[in-house]
Amino acid sequence: MLSLPSLLVRFLQHSSSTNEKDLVLDFFGGSGTTASVAHKLNRRYITIEQMESQISLIVPRLKNVINNGQEGISVDVKWQGGGSFVYCELAELA
């Protein structure tokens with residue numbers, strides 16, 4: 001059975017569903033797995049999450065990816081670190 005990161009690699013890279021620089025949209029950011037894999041595969045991405053508990057997982061995870069964290073698919077895709085991301089919050093409705 002494939003792990004979620006491996007399954008995402010298969011979907012994003014091997015099935016020709018996306019190419020490098022394509023935009024991947026993840027409406028349910030969860031723990032940031034899709035964003036992490038997309039980043040390592042040189043895809044642009046938008047991850048949306050409303051739960052603060054999940055956001056507190058996603059932001060450090062993406063910082064680790066940028067700093068050459070070797071978890072998940074890093075070895076398989078020869079990840080060397082780098083890149084950046086922007087974190088935004090919606091303004092409260094007045």
Side-chain angles (χ1 to χ4, degrees):
M1 181 172 213
L2 290 173
S3 67
L4 181 57
S6 296
L7 183 61
L8 286 169
V9 167
R10 181 176 260 173
F11 179 74
L12 294 176
Q13 190 175 48
H14 300 299
S15 69
S16 300
S17 59
T18 66
N19 297 305
E20 287 193 7
K21 307 291 184 188
D22 280 355
L23 182 61
V24 176
L25 180 57
D26 179 10
F27 287 101
F28 304 100
S31 63
T33 300
T34 300
S36 175
V37 170
H39 192 99
K40 292 175 184 178
L41 294 178
N42 200 24
R43 271 63 172 172
R44 297 174 304 139
Y45 52 90
I46 297 173
T47 298
I48 300 167
E49 183 55 63
Q50 67 179 4
M51 295 178 59
E52 190 62 42
S53 61
Q54 297 308 109
I55 294 168
S56 67
L57 296 173
I58 295 170
V59 172
R61 184 173 189 177
L62 291 176
K63 287 180 180 179
N64 185 50
V65 167
I66 289 167
N67 291 323
N68 198 24
Q70 290 297 300
E71 295 78 23
I73 64 161
S74 296
V75 173
D76 295 338
V77 299
K78 299 176 178 61
W79 178 244
Q80 299 295 311
S84 63
F85 70 97
V86 175
Y87 168 73
C88 301
E89 289 188 23
L90 293 175
E92 295 217 12
L93 186 60

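What you see below is based on every heavy atom in this structure, not just the backbone, and it leaves out hydrogens, waters and symmetry mates. Note that the structure is predicted; figures quoted are calculated from it, not measured.
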- Task: Examine L57 and I55 and state if one hydrophobic cluster contains both, with Ile, Leu, Val, Met, Phe, Trp and Tyr joined whenever side-chain heavy atoms are less than 4.5 Å apart.
- Result: no
- Query: Do the side chains of F27 and L23 join up, straight or via other hydrophobic residues, at under 4.5 Å, putting them in one cluster?
  - Reply: yes
- Item | Stepwise side-chain contact (heavy atoms from CB on, under 4.5 Å) check, F28 with Q54 | CA-CA 10 Å; F28 304 100; Q54 297 308 109; over 6 Å; no
Once rounded to the nearest 0.5 Å, what's the spacing between atom [atom1] of [X] and atom [atom2] of [Y]?
{"X": "S3", "Y": "I73", "atom1": "OG", "atom2": "CD1", "answer": "9.0 Å"}
{"X": "L4", "Y": "T34", "atom1": "CG", "atom2": "OG1", "answer": "6.5 Å"}
{"X": "L7", "Y": "T33", "atom1": "CG", "atom2": "OG1", "answer": "11.0 Å"}

- Query: Which pairs count as side-chain hydrogen bond (donor to acceptor under 3.5 Å, both in side chains) when at least one residue sits in residues 72-85, sequence neighbours excluded?
  - Reply: K40-S74
Could you pull out every donor-acceptor pair under 3.5 Å between side chains of residues 45-52 and any protein atom, sequence neighbours left out?
unit_1 : atom_1 : unit_2 : atom_2 : d
Y45    : OH     : H39    : ND1    : 2.9
E49    : OE1    : G29    : N      : 3.4
E49    : OE1    : G30    : N      : 2.8
E49    : OE2    : M51    : N      : 3.1

- By side-chain hydrogen bond (donor to acceptor under 3.5 Å, both in side chains), which residues pair with D22, not counting sequence neighbours? none
- Query: Does E71 have any side-chain hydrogen bond (donor to acceptor under 3.5 Å, both in side chains) partners at least two apart in sequence or in another chain, and if so, which?
  - Reply: N64
- Message: Given 3.5 Å as the limit, does a donor-acceptor pair link the side chain of R61 with the main chain of S31, or not?
- Response: yes
- Message: With heavy-atom distances below 4.5 Å as the criterion, would you say the side chains of V65 and F85 are in contact?
- Response: no
- Task: Please identify each residue that fulfils side-chain contact (heavy atoms from CB on, under 4.5 Å) with S56, with sequence neighbours left out.
- Result: none
- Item | Partners passing side-chain contact (heavy atoms from CB on, under 4.5 Å) against R43 (at least two apart in sequence or in another chain) | Q13, T18, E20, V24, A38, L41
- Message: Looking at L90, I'd like to know if its CG atom is crowded, meaning that more than 12 non-hydrogen atoms belonging to other residues, nucleotides or ligands lie closer than 6.0 Å.
- Response: no
- Note on the structure: When every non-hydrogen atom of G83 is compared with those of I66, the smallest separation belongs to O-CG2, 3.5 Å
